[in-house]
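Worksheet: the structure to be examined is printed underneath.
Convention: sequence-line order gives letters A, B, ...; per-chain numbering from 1.
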Amino acid sequence: MSITSARGVAFASAVAVIALASQAQAQQNNNPLPPGDGRDIVSVACSQCHYLGTIAKIRDGAAGWRVYVSNMVLRGAQLTPAEVDKVVNYLATNLGPGINLPPPRPVALPDGSGKQLVETRCALCHDLERVAAVKRKKQDWTPIVANMAAWGAPVTADEAKTITNYLAANFGD
Amino acid sequence: MKQLIKDYLDQGLSRRQLVSGLSAFGMSTVAAKAVAQNLAPLGPGAGQAASPPQAPSAVREIEGNGGKLFVEQLKSAGVEYIFFNPSTGDHPIFDALVDLPEIKIIKGIQEGAVTAMADGYARASGRTGIVVVANIGLPNAMTQMVNTFKDQIPMLVAVASVGQNELGRDQWQEVDHHELMTEPITKWFWQAQSTEAMAETTRRALKFASTPPCGPVFLSLPTNTLEQHAKTQVWERSKFDVPMRIRPDKEDVEKAARMLIEAKNPLLSVGDEITWCRGEKELIELAELLGAPVAGEAGSLGYWSKPFPTRHPLYIGTVLRTMRFPGKPDVLLNLGNRWGENASPGTKLISIRLDPTSLAREAPVDLAMVADLKLAMADLSAAIRSMATASLLKDIANKRAERARAYAAQMQQEREAIAHALTDSTPISMERLGLELEKNLDRDTCYVADVDSGKTMDPLMAFGGGDKQYFGTGPNVLGWGMAAGFGVKLARPDVPVVSVVGDGSFLFSGPQPLWSMARYKAPVTVIVLNNHSYNNERNRIWNGAGRQFEAARDMTCYNGSPDVDFAKTAEAFGVEGETVKEPASLAGAFSRAKAAMVEGRPYLLDIHIKREGLGAVSDWYPPYSIADLRTRKV
Ligand SMILES: Cc1ncc(C[n+]2csc(CCOP(=O)(O)OP(=O)(O)O)c2C)c(N)n1
Ligand SMILES: [Mg+2]
């Protein structure tokens, strides 16, 4: 969203959100949302305050999407409960883990047990760049991977352990 | 435009010149005439509390030094408090106050806190906040003056400056023309020219501050003008601070009334000017008469008050550029809302504003009026009543209101359901905190909010009408909330005051406002909504889907390391406090805070809150260690 670039973050604001609605309108002609049942309502209800570009870049399961959409209702989005379900359904179906993924940013992971698991399970909602972005403290990987599993990453308990060990060994301090 | 009005009031301009001048600014002739007509004395000033008891004589001769003349003029104007932080040069002011117990002085230990205390006092009382701080501390004050200026709150900020003979000599702390620093954030600024003119200069400053649209004014008082003696008049407020409650043009009101009666799908958009004009009652009456849905504040910025009761059956929430409900309005009535002139093809826009300078500034307006909102809404209701029978009006209103009521009720239920689904997490969810606040705060609480993402709690609470009164700032210049809460409590000692600040906000003011709370025994509950983050800032940044979002690296917003202990900080300032980490502990903590307030003490709750939105899970930040940079262990 251009609030950061246009005016600097300090005054990026809900006011900017209003100003952005015109940008959002312009964007509707250039709608980044993939086709699917419910796209129309998302295009209208989610562009009243900000543009749709970020939504189109997020991948998440139904539970995760519901958190975002609920938060938007508290922020003022005009959606009835039935419409919320419809919106969440569209988002989870068309912007769910592994669906309609943009071409990945190439990230070369070091060899080791767990590499393949990370490549197949951890790039479904975001790039691997996110995983390999920075080193964490070794012990931080356990909660992060648990977090991802809770979020909807398709991993068994054993796989989570393998992934955690791999990440702690290669991206841990 | 302010210059024009000033010239008129100073009698340098004729009424005709004023009207043509205002027209040149793009104001309609009718509106310009209304301004001119209403610059004449009428009654008590808009947004002003009732005049203080009459002094024995309206005009008094006073002899004394400039400091004495300054405070005597303030006293005659009904000033009760000066918010201050001292400097050497302003001693004549405080010397004079030794023998003038009618004016009490309230000390703050940082100029931003001093200013925000005066600002909170002004918002809650309708009176002008008076600030005296050191000239070198002025930039500290200016951060908070931005809130005061943008929200058009009356304030007089004065500093003692270098004596006139020393001006321009590049003395230690002197910078040339320091008063110019305040230009973009004051309605008026001035350097006192002589002791003889001290009272007159002070009057002028007070008048400009409290003439709607109100705002801060700045006075630089050279030390010699404060120290030298003179004999001059001081005047009671009614003699110079003439009320400027503008009634709208009758024909325009009738036109608006007709449009609103005939409208198929009218919508009211309401803003802070209604609050300032104390027009809530008239607004409710008008909305109910029309049966029209009312939309208010948008998001976390732009608004400082809730002018319409948020639990009123006609309140439908935020003004959005395109409204799914009630659909595109055919008539949009903007009442005192700076952001409410939302014109789109097919909608007729009527805008009634206290502030002529931002009327019709961004969007084309079909019918514009400059007026006091309370008077305008009363006139509009009267005009509507005069144009149709009561039963016809009732029919029209009922039809319109039915949809709005159903929608508002449904959304209310939906928000609560959402919040209830999120109540048990640890750290505590914002939604849980919102529900607990709604349950635990007394209905007459003044709720002072200086928190960014925390504003998603607002829709879970009831404000306005008989419920909590909301105070915030439009521009969200943080570091305001605790000090403003103090000022609100000073203005309204008999109602509970709760100040909700983010961890970020707290650290912008620092703990300094707690010092004044402890010293003056201000029973205010401070709630630190501590999510260890600039949470909403990160939401906005990441919602732009830039590199930080892509790489999941929160470069700027994580605050949890070091993990500031706000309760301990409070303790260091003589304010009792506690940390709350579990949702189940909230109710007990609120009751301890209430008990402290009953006993006349401030209390702080550091409530650990869950971060929300994109990047919330991360507690990473770019790590640097200066200790590791060293080649010598020194
Ligand atoms: C004086 C000041 N400096 C910087 C900003 C920019 N800013 C906007 S929101 C924000 C973070 C607010 O953090 P916090 O008070 O903790 O609120 P949260 O969003 O976490 O609830 C900042 C730094 C500001 N508004 N005011
Ligand atoms: Mg915070």
Side-chain angles (χ1 to χ4, degrees), chain A residues 1-5 9-22 24-25 41 44-45 47-51 53-58 66-81 83-84 105 126-127 129-134 136 140 143-144 147-148 151 173, chain B residues 295 297-303 316-325 339 342 407 410-411 413-415 417-419 421-422 430-431 434 452 455-460 474-476 534 536-537 539-546 549-553 556 612-614 617-620 622-623:
Chain A
M1 216 180 275
S2 68
I3 35 184
T4 50
S5 53
V9 175
F11 289 105
S13 67
V15 176
V17 167
I18 298 171
L20 278 166
S22 51
Q25 259 160 9
I41 185 173
V44 176
S47 65
Q48 286 172 317
C49 306
H50 51 67
Y51 86 152
T54 307
I55 297 172
K57 287 186 183 169
I58 296 172
R66 187 168 291 279
V67 172
Y68 288 124
V69 175
S70 299
N71 191 252
M72 295 308 130
V73 171
L74 290 182
R75 288 184 188 261
Q78 297 188 301
L79 288 165
T80 63
E83 290 172 330
V84 166
R105 218 171 260 273
H126 47 67
D127 260 53
E129 186 190 11
R130 224 175 230 217
V131 181
V134 284
R136 318 273 169 151
D140 283 357
I144 291 176
N147 223 330
M148 292 305 125
W151 216 290
D173 274 329
Chain B
E297 77 290 348
S300 62
L301 291 213
Y303 296 81
I316 59 159
T318 311
V319 187
L320 303 171
R321 187 156 288 261
T322 53
M323 310 271 303
R324 295 189 69 227
F325 181 88
W339 310 105
N342 186 352
Y407 174 80
Q410 182 179 26
M411 291 307 287
Q413 252 176 21
E414 182 178 354
R415 285 191 296 266
I418 287 172
L422 299 167
M430 245 169 334
E431 291 78 9
D452 200 346
K455 287 187 181 163
T456 46
M457 298 189 301
D458 292 358
L460 300 170
N476 215 27
Y534 294 155
N536 213 27
E537 187 90 291
N539 292 159
R540 285 187 294 258
I541 295 168
W542 287 42
N543 204 8
F549 162 84
E550 282 175 358
R553 265 194 271 181
T556 57
E612 276 178 14
L614 292 169
V617 291
S618 175
D619 57 8
W620 178 85

If I measure from the heavy atoms of chain A, does [X] come under 4.5 Å with its side chain, its backbone, both, or neither?
X: B:Ser618; result: side chain
X: B:Tyr407; result: side chain
X: B:Leu422; result: neither

Which bit of [X] comes within less than 4.5 Å of chain B, counting heavy atoms only: side chain, backbone, both or neither?
X: A:Ala77; value: backbone
X: A:Arg136; value: side chain
X: A:Val84; value: side chain

### Task
Please step through side-chain contact (heavy atoms from CB on, under 4.5 Å) for the pair B:Thr318 and A:Arg75, ending with a clear verdict.
CA-CA 8 Å; B:Thr318 311; A:Arg75 288 184 188 261; over 6 Å; no

### Task
With a 4.5 Å cut-off on heavy-atom pairs, point out which of A:Val131, A:Ile55, A:Leu79 contacts chain B the most.
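Greatest number of close heavy-atom pairs with chain B: A:Leu79.
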
### Query
Among B:Met430, B:Arg553, B:Met323, B:Gln413, who wins on heavy-atom pairs under 4.5 Å with chain A?
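Among B:Met430, B:Arg553, B:Met323, B:Gln413, the one with the most close pairs to chain A is B:Arg553.
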
### Message
Assess the residue pair B:Phe325 and A:Thr80 against the criterion (side-chain contact (heavy atoms from CB on, under 4.5 Å)); give the C-alpha distance rounded to whole Å, side-chain angles, the decisive distance to 0.1 Å, and a yes or no.
### Response
CA-CA 10 Å; B:Phe325 181 88; A:Thr80 63; over 6 Å; no

Over all heavy atoms of both residues, which pair between [X] and [Y] is shortest? Give the atoms and the distance, please.
X: A:Pro81; Y: B:Glu414; answer: CD-OE1, 3.3 Å
X: A:Leu74; Y: B:Thr456; answer: CB-O, 4.1 Å
X: A:Gln48; Y: B:Thr322; answer: NE2-O, 2.5 Å
X: B:Ala545; Y: A:Thr54; answer: CB-OG1, 3.6 Å

### Residue list, ring-ring contact (aromatic ring centres under 6.0 Å, His included) with A:Tyr68, at least two apart or on another chain
A:Trp65

#### Entry: Sequence-distant partners of A:Arg105, side chain to side chain donor-acceptor pair (under 3.5 Å), two or more places apart
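Only A:Glu129, B:Glu550 meet the side chain to side chain donor-acceptor pair (under 3.5 Å) criterion with A:Arg105.
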
#### Entry: Under 3.5 Å: donor-acceptor pair, side chain of A:Gln78, backbone of B:Arg324
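Checked: pair present.
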
### Query
Hey, does the side chain of B:Arg415 reach the backbone of A:Gly76 with a donor-acceptor pair shorter than 3.5 angstrom?
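Pair absent, no side-chain N/O of B:Arg415 close to backbone of A:Gly76.
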
### Message
I'd like to check B:Phe549 versus A:Ile58 (side-chain heavy atoms, cut-off strictly below 4.5 Å). Are they in contact?
### Response
yes

### Message
A:Asp140 vs B:Trp620, test: side-chain contact (heavy atoms from CB on, under 4.5 Å). Steps then yes/no.
### Response
CA-CA 10 Å; A:Asp140 283 357; B:Trp620 178 85; over 6 Å; no

